[in-house]
K.L.:
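Okay, handing you the structure first.
Note that the coordinates shown come from a computational prediction; the quantities given were computed from them, not determined experimentally.
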Amino acid sequence: TIPTQLGQLSNYQSFDLGSNALTGTIPTELFGRRFSSSNQPYNIWWFGLAKNGLTGTLPTQIGRLPLQMIGHVELDNNQLVGPIPT
């Protein structure tokens, strides 16, 4: 399970929890404080949750992020379902 408290982190450039046998859903809290306001392109250059056992849909918040805020997203090899939010 991904702790919701990780959404309170604000000073990082890479978030990679890939290959950790995580289960459950992706918490909406991950897309809170860190992404709420920034004028810098690639506020985070790597967001990785690949190769886990994550289920459910992608949080709608990920579709609201300006494209220039994330350089690379890796979500493969999970059991996520549904469309990519826009």
Side-chain angles (χ1 to χ4, degrees):
T1 302
I2 301 171
T4 59
Q5 295 86 345
L6 291 177
Q8 295 300 312
L9 297 173
S10 61
N11 191 21
Y12 62 91
Q13 292 181 340
S14 178
F15 182 90
D16 190 358
L17 296 177
S19 301
N20 277 291
L22 296 170
T23 59
T25 60
I26 299 173
T28 59
E29 291 85 355
L30 286 185
F31 304 98
R33 185 174 180 203
R34 174 70 169 136
F35 298 105
S36 61
S37 62
S38 176
N39 296 330
Q40 299 177 2
Y42 299 119
N43 194 14
I44 180 170
W45 59 271
W46 185 278
F47 184 84
L49 292 172
K51 300 178 184 171
N52 284 294
L54 299 173
T55 57
T57 60
L58 291 174
T60 57
Q61 291 84 342
I62 199 168
R64 296 182 190 140
L65 299 175
L67 293 177
Q68 69 271 20
M69 290 186 86
I70 299 180
H72 183 84
V73 177
E74 202 169 83
L75 299 169
D76 59 287
N77 292 305
N78 284 290
Q79 287 83 48
L80 298 169
V81 296
I84 298 172
T86 57

K.L.:
Would you compute the distance between atom CG of Asp76 and atom CG of Asn52 and round it to the nearest 0.5 angstrom?
P.N.:
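If I round to the nearest 0.5 Å, the distance is 10.0 Å.
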K.L.:
Using 0.5 Å steps for rounding, measure from the CG atom of Leu30 to the CZ atom of Phe15.
P.N.:
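Here the rounded value is 4.5 Å.
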K.L.:
Who are the side chain to side chain contact (heavy atoms under 4.5 Å, CB included) partners of Thr4, not counting sequence neighbours?
P.N.:
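Thr4 satisfies side chain to side chain contact (heavy atoms under 4.5 Å, CB included) with Pro27, Glu29 only.
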K.L.:
Go through the structure and list residues passing side chain to side chain contact (heavy atoms under 4.5 Å, CB included) with Pro3, not counting sequence neighbours.
P.N.:
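So Pro3 forms a side chain to side chain contact (heavy atoms under 4.5 Å, CB included) with Gln5, Leu6.
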K.L.:
Could you pull out the closest heavy-atom pair between Asn78 and Leu49, with the gap in Å?
P.N.:
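So the two residues come closest at ND2-O, 3.0 Å.
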K.L.:
Using the side chain to side chain contact (heavy atoms under 4.5 Å, CB included) definition, which of the options Thr25, Ile2, Leu75 pairs with Leu54?
P.N.:
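It is Ile2; the other options fail the test.
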K.L.:
So, using side chain to side chain contact (heavy atoms under 4.5 Å, CB included) as the criterion, who are the partners of Asn77 when residues are at least two apart?
P.N.:
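By the side chain to side chain contact (heavy atoms under 4.5 Å, CB included) rule, Asn77 matches Lys51.
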K.L.:
Which distance, rounded to the nearest 0.5 Å, do you find between the OG1 of Thr57 and the CD1 of Ile62?
P.N.:
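Rounded to the nearest 0.5 Å, the OG1-CD1 separation comes to 11.0 Å.
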K.L.:
Which value, rounded to the nearest 0.5 Å, describes the distance between Asp16 atom CG and His72 atom NE2?
P.N.:
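Result: 9.0 Å between the selected atoms.
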K.L.:
Heavy atoms only: give me the nearest Ile26-Pro59 pair and the separation to one decimal.
P.N.:
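Residues Ile26 and Pro59, closest heavy atoms: O-CG, 3.5 Å.
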